[in-house]
Novice: 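Here it is, the structure in full.
In what follows, chains are A, B, ... by sequence order, proteins preceding strands, each numbered from 1.
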Amino acid sequence: MLRSFQNPNLYSISKTHFKLLHYFLSNHLCTTTEPTQVPESPDLPNWVKFLDTKHPEAASSDEDFVIPSLAKWVEAPMLKDPRKAVKIPVVEIADTDIDIISKVLKNQHPSPENVAQVLSGIVLDLSNGLVERVLRRFSNEWVPAFGFFTWAKTQTNYRHAPEVYNFMVDILGKAEKFDIMWDLVVEMDQIGERYVSLDTMSKVMRRLARAGRYKEAIDAFRGIERFGVSKDVLSLNALMGALVKERSVELAHEVFLEFKESIPLNVSTFNVLIHGWCKYRNLDVARKTMEEMEKHKFKPDVFSYTSLIEAYCNDKDFRKVAEVLGEMKDKGCEPNAVTYTIIMHALGKAREITKALEIYEKMKMSGCIPDTSFYSSLIFLLGKAGRLKDVQEIVEDMEKQGIKLDVLAYNTLINIASTHSQEEVALKWLKKMEEDSCKPDLKTYAPLLKLFCRKKRMRVLCFLLDHMFKNDIGIEGGTYALLVRGLCMNGKLATACSFFEEMVLKGFAPKDSTYSMLIKELEGKSMQKEKKHIERLMLQARGQEITGNDSAMSNVEESNAQGPCVCVM
DNA sequence: ATAGGGTTAG
């Protein structure tokens with residue numbers, strides 16, 4: 001374990017990183033004269049000693065790395081200076097407050113009370129920002145979240161802001177701990193100062209509806225004034241929106257009928273309903289709702305028509321889409337960027353690329369300004385059609401107009417470059433993303449990992465895993481499967497095996513196809529010992545699957561919440 | 001604020 005002796009928490013390294021590093025050093029430092037003699041245990045003094053005996057120039061022999069323009073960025077310092085090799089994949093945990101709290105919360109606590117008790121020895125300077133970050137990390141684990149939340153209330157010079165309460169209400173609602181959730185709402189109400197807001201009650205109603213407790217969601221609305229929130233069109237719309245999103249247009253409609261006389265409605269009341277009927281494929285009723293809307297002296301607007309268009313797009317009924325566009329024109333209602341995105345995207349998916357681009361032209365002619373999401377869709381469909389030059393042009397256009405790319409746009413660009421084996425381009429986007437402070441997600445890396453497995457670029461692979469790690473991206477089952485398969489296909493069996501092992505140890509069940517592929521390769525290379533080991537691991541994984549689906553799940557969430565930094569070996 | 005967001009290789 002890579003650890004400082006004074007402070008055992010100072011260094012840690014993920015198993016993946018160690019194995020890759022180990023693998024890399026075995027292959028690149030230990031040249032033909034000395035076969036693999038890299039220390040088996042990632043023990044800091046040994047490593048330093050080991051690296052000291054090697055020549056720095058040995059480390060920079062660069063046969064698998066030919067991306068000059070990106071070399072400086074990708075090439076971790078460890079490739080140049082072996083001493084730094086120890087430091088690169090090692091994360092310095094500068095025990096910040098959030099780390100201290102996270103470490104305590106990470107232990108499996110039986111109850112929130114227990115969490116609060118364990119925390120009671122700690123004195124910290126809390127802020128609402130810090131509390132929110134902790135809650136975000138544990139937003140899928142109500143016990144540590146609520147224990148921490150309760151403990152925080154006892155700290156001097158700290159008070160939960162209403163937003164923090166709302167966040168906690170939402171976490172409890174997500175975990176379906178509705179009794180505790182209601183207690184918290186009552187507590188907020190008792191503080192006074194309008195702690196309970198429409199925001200709070202919207203979360204309550206949404207979570208109840210999501211849990212299928214529609215009646216309770218509606219009752220929450222009926223009694224909403226008890227908490228000082230008015231029973232007006234905004235709260236009515238929030239209730240109806242919650243019901244529609246959680247698959248019950250019918251109930252939203254009933255609520256609408258019940259309150260339409262007593263509460264003055266607005267346009268979005270109708271649009272919520274229209275969207276609901278469109279979403280659940282009841283276009284006749286959607287149309288009827290539009291008529292009723294007009295009886296109430298509201299004109300159907302771009303929201304109403306876009307809902308209709310989306311429904312027709314889902315049916316690939318582009319004739320109807322054109323009809324609605326005509327109707328909009330007659331009524332003097334201009335389509336907006338969302339409308340155009342939906343149509344263009346649907347045409348692209350239906351492989352009608354020319355028609356999709358016509359929509360883009362039409363949009364420009366109409367003076368409608370494309371936004372980031374529109375361009376993302378456009379890039380996606382151009383990439384899918386293999387029109388890489390056009391993609392490049394679009395990105396330049398965006399830059400000229402000062403429209404920032406978002407994660408989806410970057411992910412799309414990386415995906416396109418990766419599938420076309422444009423290593424340099426793909427990495428260039430990742431770099432640009434970083435410079436742009438755009439936070440990558442798991443989907444950012446998947447195509448890159450696949451590409452560099454295919455290219456057997458172990459150093460870049462190592463770099464990427466490190467990059468993910470630093471960005472708090474938890475590796476999940478699918479990622480391991482991808483690595484194992486990718487490495488397997490290219491004869492990097494030892495590394496494939498170690499990822500397989502890590503996958504199983506983290507509680508992800510490998511797919512049969514992944515397993516059999518690896519076994520077949522190992523047989524082909526007569527690697528009997530490794531084959532046995534993999535077979536044992538697979539048995540273990542199957543056992544886990546039968547006895548505890550839960551444990552696999554909680555492992556996923558844990559690794560997501562904590563990041564992949566796990567001390568190993 | 002009520003409408004838009006791509007897969008999993010072969």
Novice: Once ring-ring contact (aromatic ring centres under 6.0 Å, His included) is applied, what residue pairs with a partner in residues 392-436 of chain A remain, sequence neighbours excluded?
Specialist: none

Novice: In whole angstrom, give the distance that lies between atom CD of A/E476 and atom C1' of B/dT8.
Specialist: 12 Å

Novice: Would you find a donor on one side and an acceptor on the other, under 3.5 Å apart, between the side chain of A/T372 and the backbone of A/K404?
Specialist: yes

Novice: Can you list, in residue-number order, the parts of residues 245-259 of chain A that come under 4.0 Å of DNA chain B, counting heavy atoms only?
Specialist: A/K245

Novice: Between atom CE in A/M240 and atom P in B/dA3, what is the gap in whole Å?
Specialist: 12 Å

Novice: Among residues 330-340 of chain A, which residues get a heavy atom nearer than 4.0 Å to DNA chain B?
Specialist: A/N336, A/A337, A/V338

Novice: In this structure, how many angstroms lie between the P atom of B/dG10 and the NZ atom of A/K520, rounded?
Specialist: 12 Å

Novice: For residues A/M363 and A/P370, determine if any side-chain heavy atom of one lies less than 4.5 Å from a side-chain heavy atom of the other.
Specialist: yes

Novice: Let me know the distance between NZ of A/K349 and C1' of B/dG6, rounded to the nearest Å.
Specialist: 7 Å

Novice: Could you check whether the rings of A/Y195 and A/Y165 sit parallel, tilted or perpendicular, using 30° and 60° as the cut-offs?
Specialist: perpendicular

Novice: If I take atom CE in residue A/M363 and atom C1' in nucleotide B/dG4, what distance separates them, rounded to the nearest angstrom?
Specialist: 11 Å

Novice: Does the separation of the ring centres of A/Y360 and A/F374 fall below 6.0 angstrom?
Specialist: yes

Novice: State, yes or no, whether a side-chain contact exists between A/E530 and A/L518 at a heavy-atom distance under 4.5 Å.
Specialist: no

Novice: Counting any heavy atom closer than 4.0 Å, what does A/F270 reach on the DNA or RNA strands: base, sugar-phosphate only, or nothing?
Specialist: nothing

Novice: So A/M517, base contact, sugar-phosphate only, or nothing? Heavy-atom distance under 4.0 Å.
Specialist: nothing

Novice: So A/T412, base contact, sugar-phosphate only, or nothing? Heavy-atom distance under 4.0 Å.
Specialist: base

Novice: Can you check the A/K443 NZ to B/dG6 P distance for me, whole Å?
Specialist: 7 Å

Novice: Rounded to the Å, how far apart are A/D406 CG and B/dG4 C1'?
Specialist: 12 Å

Novice: Evaluate the ring planes of A/H253 and A/W277, with Trp represented by its six-membered ring, and classify them as parallel (under 30°), tilted (30 to 60°) or perpendicular (over 60°).
Specialist: perpendicular

Novice: Could you check A/D170 against A/R206 for salt bridge (Lys or Arg N to Asp or Glu O under 4.0 Å), going step by step and ending with a plain yes or no?
Specialist: CA-CA 9 Å; A/D170 197 48; A/R206 180 79 191 268; over 6 Å; no

Novice: Salt bridge between A/E535 and A/K531, side-chain N to carboxylate O under 4.0 Å?
Specialist: yes

Novice: Could you give the CD1-to-P distance, from A/I343 to B/dG4, as a whole number of Å?
Specialist: 14 Å

Novice: Any pair with a residue in residues 298-330 of chain A that passes ring-ring contact (aromatic ring centres under 6.0 Å, His included), sequence neighbours left out, goes on the list, sorted by first then second residue, please.
Specialist: A/F270-A/F298

Novice: Based on the glycosidic angle (syn within 90° of 0, else anti), state the conformation of B/dG6.
Specialist: syn

Novice: Looking at residues 302-329 of chain A, who's got a heavy atom less than 4.0 Å off DNA chain B?
Specialist: A/F303, A/T306, A/E310

Novice: ring-ring contact (aromatic ring centres under 6.0 Å, His included): which pairs involve residues 210-232 of chain A, sequence neighbours left out?
Specialist: A/F221-A/F259

Novice: Assess the residue pair A/I475 and A/L465 against the criterion (side chain to side chain contact (heavy atoms under 4.5 Å, CB included)); give the C-alpha distance rounded to whole Å, side-chain angles, the decisive distance to 0.1 Å, and a yes or no.
Specialist: CA-CA 9 Å; A/I475 298 185; A/L465 289 164; 3.7 Å; yes

Novice: Using a distance-only criterion (donor-acceptor N/O pair, under 3.5 Å, no hydrogens), is the base of B/dG4 paired with the side chain of A/D371?
Specialist: yes

